[in-house]
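Note on naming: letters A, B, ... go to the chains in the order of the sequence lines (proteins, then strands), and numbering restarts at 1 for each one.
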Number of protein chains: 2
Amino acid sequence: MYEVFFSKFNEKVQLSESEEYAVKQFLTPKKLRKRQYLLQEGDICKTVAFIEKGAMRSYIVDSNGQEHIFSFALEGWAIGDLSSFLTEQISTQNIDALENCELVLISKYAHDQMLISVPKYATFFRILMTEAYIALQKRTLSIISMSLDDRYKSFIDQYPDIVQRVPQHMIASHMGLSPETLSRIRSRIGKSQ
Amino acid sequence: MYEVFFSKFNEKVQLSESEEYAVKQFLTPKKLRKRQYLLQEGDICKTVAFIEKGAMRSYIVDSNGQEHIFSFALEGWAIGDLSSFLTEQISTQNIDALENCELVLISKYAHDQMLISVPKYATFFRILMTEAYIALQKRTLSIISMSLDDRYKSFIDQYPDIVQRVPQHMIASHMGLSPETLSRIRSRIGKSQ
DNA sequence: GGTTTATCTTGACCAAAATCAATAGAATTT
DNA sequence: AAATTCTATTGATTTTGGTCAAGATAAACC
């Protein structure tokens, strides 16, 4: 149990047996069926979810009722509304399962406790946070500086597994485009993948 | 010296006198004249800069030679190419001063040392990192889901000081727009500010 | 197995932003 | 003080992506 989680953890910060045991006490397993919600807007994000198996997404709904996907997450990734989780304010995001999922949940209480009592958790969290920031920075740079064709090419290059497992119109939504436009981009660049 | 830096630090994590002294040993003051570079693309980002006074920006240049501003930073903010800083790979970003600046520099060596020897620095860095991520997430959400008018309104609302101190065409660049389009947005919404 | 629903593509048309160009006022430089 | 550079606005035109609509295929559901 928790194989993917601890393999990721040990890849970033090496844990001893006893440390691993200590962390384990704070974790909760959870299964989610496809289309089930982990978080709905208006609620407070009470847990961060680490994905052992499956695929999830987070999205917001704008004033016209249109969905906009903020992020995808596959095995080995974490998902949650960090802003709501840390401040305990209500969230504007929705998070649901794109496939049946096996998750490892970390509650706010568990998170706060581990930050205090398991120094390596603080390190692990800092590293994940930094990596997430760098990835988001890269995405922002590509939005403000690249052509749509290049943005899509770089996306399939960086996340081929997402392209394979997620419907195309959701990738369009993630890029801030209409499905029709993404379809035309693909035909322009030769439907690679 | 370092007033703004330590006031920010203590706001996030309270330091004792001796801890403050320990941190001080790792800091380097630096003044930059307007238009001077802190980092040029092709170089490795060797320091993170904390701004005591002045204004800076980071930007990338695309394949057509066009500049795209990634971020602004004023007093109390930090700036640097985190990806290059942490991995010690060459940077694609340029960082320069928009006004004469007084900076506090933290080198990679100082950063690594403090992470090990000053636990509260690790906490401080984790908190800054988390806040930066949340801000960038908010920006990304606004890009994929809001109208340009609303994005600009929310920008002047959130960063009135930047709007006042930075030329309009740079704000257009930061939003990924042409200067003409931003000018037209302003005339549409009534030139607020 | 057959129906319904989801997904993707393509075309026609429309709306929005980019580009090109000209102007004018501010701010810097010399 | 004059000249130069930077900045912002406005108009005309072009380009790009969005919207609407129809059709085709594939997948999920009963």
Q: Would you kindly give the CZ-to-C1' distance between B:Arg33 and C:dT29, to the nearest whole Å?
A: 14 Å
Q) Cation over ring, A:Lys24 on A:Phe6, under 6.0 Å and within 45°? A) yes
Q. Roughly how many Å is it from CE in A:Met170 to P in C:dC8, rounded to a whole number?
A. 9 Å
Report, one pair per line, the protein and nucleotides 25-30 of chain D atoms (nitrogen or oxygen only) whose separation is under 3.5 Å.
none

**Q.** B:Gln168 side-chain N/O to D:dC6 phosphate OP1/OP2 under 4.0 Å
**A.** no
Q.
Going by the rule ring pair (Phe, Tyr, Trp, His ring centres under 6.0 Å), which residues pair with A:Phe155 if we only count those two or more places apart in sequence or in a different chain?
A. A:Tyr159, A:His174
Q. Is a salt bridge present between A:Arg57 and A:Asp96, judged by a nitrogen-to-oxygen distance below 4.0 Å?
A. yes
**Q.** Cationic tip of B:Lys8 above B:Tyr2 ring, under 6.0 Å, 45° of axis
**A.** no
Q: Please indicate whether A:Lys53 has more than 12 foreign heavy atoms, meaning atoms of other residues, nucleotides or ligands, lying under 6.0 Å from its NZ.
A: no
Q: Look at B:Lys46 together with B:Glu88 and state whether they make a salt bridge at an N to O cut-off of under 4.0 Å.
A: no
Q: Using distance alone, with no hydrogens and no angle criterion, decide if B:Gln137 and B:Thr140 have a side-chain donor and acceptor under 3.5 Å apart.
A: no
Q: Please determine if a side-chain N or O atom of A:His169 lies less than 4.0 Å away from the OP1 or OP2 oxygen of C:dC8.
A: yes
**Q.** B:Ile189 CD1 - D:dT9 P separation (whole Å)
**A.** 11 Å
Q. Taking CD1 from B:Ile143 and C1' from D:dG17, how many angstroms apart are they, rounded to a whole number?
A. 17 Å
**Q.** Polar side chain donor-acceptor pair, A:Glu19 to A:Ser16, under 3.5 angstrom
**A.** yes
Any N/O pairs under 3.5 Å between the protein and nucleotides 15-22 of chain C? List them or say none.
residue : atom : partner  : partner atom : Å
C:dA18  : OP2  : B:Ser178 : N            : 3.4
C:dA18  : OP2  : B:Ser178 : OG           : 3.0
C:dA18  : OP2  : B:Thr181 : OG1          : 2.3
C:dT19  : O4   : B:Arg184 : NH1          : 3.4
C:dC20  : N4   : B:Glu180 : OE2          : 3.0

Q: Please state how far atom CZ in B:Arg186 lies from atom P in D:dT10, giving the value in whole angstrom units.
A: 10 Å
